[in-house]
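Written below as structure tokens is the structure these notes are about.
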Amino acid sequence: MAIADAGSSSQRAFRPRRLRLDLTTPTLLGLPLAWLGVFFLVPIAIVAAYSFDVYSLDPGPHGFTLTAWHDFLHSSVYLALFWKSVKLSLTVSAIIVVLAYPLAYYLALSGTKRKYILLLLLIAPFLTSYLLRVLAWKVILGNQGVVNTFLFWTGLRSPDHPLSQLLYSRFAVMLVLGYIWLPFVALPIFVSLESLDRRLLEAASDLGASRLQAFRRVTLPLSLPGVVAAFLFVFIPTLGEFVTPSLVGGTSGYLYGNQIVDLFGTGFPDWETGSVLAIFLLGVVAVLTVVFARFLQPRQVVAD
Amino acid sequence: MDKQEDMERRLSREQLLKVAAAAGGASLLGGRVDAAHAALDWLNADSGRLQVLDWAGYGNDGGQAMFAQYVKAHPKNKPQFTYMGNESDALAKIHAGLKPDLFRPYVGWVKYFAKSGLVQPWDPKQISNFKHLNPFMVKAGQYKGKQYGIPDDWGFDAILYRSDKVHPKARSWGLLFDERYKGRIAWFDDLNMLTIAGLYLGFDKPWRQTDAQLKKSQKLLKSKKHLVRLIWSSETNLWEAFGSGEVWIAYAWPNDWVQMKKKLKVVYMRPREKPVAWVGMFMLLKGTKRPHLAHAYVNAWSAARSGKWLEDNYGYGHANTLARPSSSDLLKALRLTDPRAVTEPNAHLDRDIPRRALYARMWEEVKAS
């Protein structure tokens, strides 16, 4: 009886705590979830509805149809443009990961006291507007820009024959995207390297590994999640990028993102096709994220 | 601003009550029918700020001189502007719920909007400057005998080139496809490029191309795209590229020539296939709450004084045939003394493209290719 009483009193004692938990969790989660639902999922659902002609800009009769999807999947033009954008994004992401890794390595592992000042310098360009940073490249890359003026001065090129491919080209898009996204790549790699347990490197050294072997078998595998995260940070946004190509890309730098914008805006509004292109991009990015997420788990270091 | 609008609405209601009472009294006392008409006019009085959907540069961002007469007459109903990037953008905004009183598509879209049911015809009697407007442009603003578009600004699509760098083989649209100037050419980002290709290829109806013709036009554009450095969508974009020497040849408007000739040796060439003339057309939205104010606004824009300001400052022509620019160069280039400058045999007046959606898709494919 006493035990039973004790049990019931303890249940009573837990009840308020449980009640508080029940209220706190939905309150904490509810708002962000509602935000995500209203401003992320619902708009995507609306765009998807446009792609199936369930919604239409045209006030005439319309209903569910797969026509736009069929046309898109059988269009060599749109898929080729998507592939062009994928290749460009992959190239940009790979190059800047390779460039950013030594930088992050130096900042994280060199033991310099000024590493946070250097890190601040690295992210300093973020204090200015994205648009301004892109436009500044026009001043550098133009026919009468900094690079060409220098070439004229050195006599390597004559003013009548400037290096024209610097601006309004695919090269310009890659260069500017690389510049813009470099800090985004360096930061995750820096974080993963800095959290590296230095004792593992000492152990490797004690077991006779050279510095290169220690890097290849310890540092690199353990920093791989940071590298993959960094790669995704660049690859996903650049795949749908349209501002940089429209400013410095010219005709040859026209990308998939520009096509989506143009289908919604210029010429004659074709929201149906534009929505198909947008949803397809979203789907590809989602699949890639799931696939790459596997690599975000810290890997084991295996000794021979 | 809200308070002001509320006050205007309140005043308007009070006035209406008085007028209704006066009209009722007049009819009771056997007053004249005119009194009742006057009362009806009062009842129809507009209230609130005029909502204008227009292009950048034509609102409070530099275009004030062209509607100053309206603001002076209606200081309590100053226009409020929303900007449109192009007709397609305007269409999307209106479908999305924007309710302007009037907006300005160009002549090629008059039939499309008139048929869409989104607009209503103007009453030219309420526009005192209407009688001075170019009759060819006025006609282009009509659909089924009704005046859906009131013409205002106009100009040409033609070719601008650097005379110190470029030596055309012929006065032709072909200069936009000239292999000798690879990487120095700028096209315009519009489905009209298919029309230009059709003109160059000698099709008799470039605005109504058959499937086979459209394919040929598209093939030409795709095959020549490698020559093109830039497909411009805003004039500042073009000026920057042209001014810095990135491009030497461009599909351009008269204002581009006006701006570029300030510092470069340039020629604004009328191709032998003829330039395409475009005309801005004010259109009145169906169900507008401020029809009288909209007419007054368009009347201000249609004045010769507004036209001269537009010509002097923007380098475009104006539909008011009395408007004359200060520059004799511009007068000559636009042939402003000849009302037929915009139509045959001098130019092709831009017109409706019945298969606009198809043209748009084919142009997008050119850009994506």
Side-chain angles (χ1 to χ4, degrees), chain A residues 55-60 68 71 75-85 135 138-139 141-145 148 159-169 172 245-256 258-274 277, chain B residues 84-96 109 112 116-118 165 182-194 218 222 224-234 237 240-241 243-248 353 355-369:
Chain A
Y55 287 162
S56 175
L57 197 64
D58 191 349
D71 291 350
S75 155
S76 57
V77 175
Y78 293 139
L79 291 176
L81 185 65
F82 183 72
W83 181 233
K84 176 185 169 186
S85 299
L135 288 173
K138 281 194 167 187
V139 179
L141 301 174
N143 275 2
Q144 293 167 6
N148 271 311
D160 286 339
H161 299 93
L163 263 183
S164 290
Q165 285 311 307
L166 291 178
L167 188 60
Y168 299 125
S169 60
S246 66
L247 290 173
V248 299
T251 319
S252 58
Y254 188 84
L255 296 180
Y256 190 77
N258 299 86
Q259 183 73 90
I260 296 177
V261 173
D262 286 352
L263 283 166
F264 277 91
T266 58
F268 191 80
D270 186 356
W271 286 25
E272 198 177 344
T273 310
L277 265 69
Chain B
M84 53 190 271
N86 51 35
E87 290 88 347
S88 169
D89 177 43
L91 181 63
K93 283 185 167 125
I94 292 167
H95 277 309
W109 285 76
Y112 175 86
S116 74
L118 294 168
K165 305 274 188 189
K182 183 180 178 185
R184 299 292 182 187
I185 298 170
W187 290 353
F188 178 47
D189 188 1
D190 193 273
L191 56 88
N192 270 347
M193 282 303 305
L194 285 162
Q218 191 191 42
K222 279 183 176 177
K224 299 293 183 182
K225 206 185 84 168
H226 70 284
L227 307 173
V228 179
R229 188 82 187 275
L230 180 74
I231 299 180
W232 64 274
S233 55
S234 79
N237 191 207
E240 186 196 312
S244 64
E246 303 287 339
V247 293
W248 298 343
I353 298 175
R355 298 199 292 169
R356 188 177 288 278
L358 178 63
Y359 272 62
R361 178 167 294 192
M362 293 186 82
W363 170 239
E364 290 306 325
E365 285 175 3
V366 171
K367 285 194 292 176
S369 65

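Within every chain, numbering begins at 1; the chains are lettered A, B, ... in the order of the sequence lines, protein sequences first and strands thereafter.
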Could you tell me which portion of [X] (side chain, backbone, both or neither) has an atom closer than 4.5 angstrom to a non-hydrogen atom of chain B?
{"X": "A:Asp71", "result": "side chain"}
{"X": "A:Ser75", "result": "neither"}
{"X": "A:Asp270", "result": "side chain"}
{"X": "A:Lys138", "result": "side chain"}
{"X": "A:Thr251", "result": "both"}
{"X": "A:Leu247", "result": "neither"}

So which part of B:Tyr359 gets closer than 4.5 Å to some heavy atom of chain A, the side chain, the backbone, both or neither? neither
Please flag which part of B:Ile231 lies under 4.5 Å from any non-hydrogen atom of chain A: side chain, backbone, both or neither. both
Do A:Val77 and B:Lys367 come within less than 4.5 Å of each other through their side chains, counting heavy atoms only? no
Contact check, side chains of A:Pro269 and B:His95, non-hydrogen atoms, under 4.5 Å: no
From B:Glu364 atom CD to A:Tyr254 atom OH, the distance as rounded to the nearest 0.5 Å: 5.0 Å
In Å, rounded to the nearest 0.5 Å, how long is the span from CD of B:Glu365 to OG of A:Ser76? 8.0 Å
Specify which of B:Lys225, B:Glu240, B:His226 makes the most heavy-atom pairs with chain A at under 4.5 Å. B:Glu240
Out of A:Asn143, A:Asn258, A:Leu81, A:Thr273, which one racks up the most heavy-atom pairs below 4.5 Å with chain B? A:Asn143
In short, B:Glu246 meets A:Gly142 closest at the heavy-atom pair OE2-CA, 3.2 Å
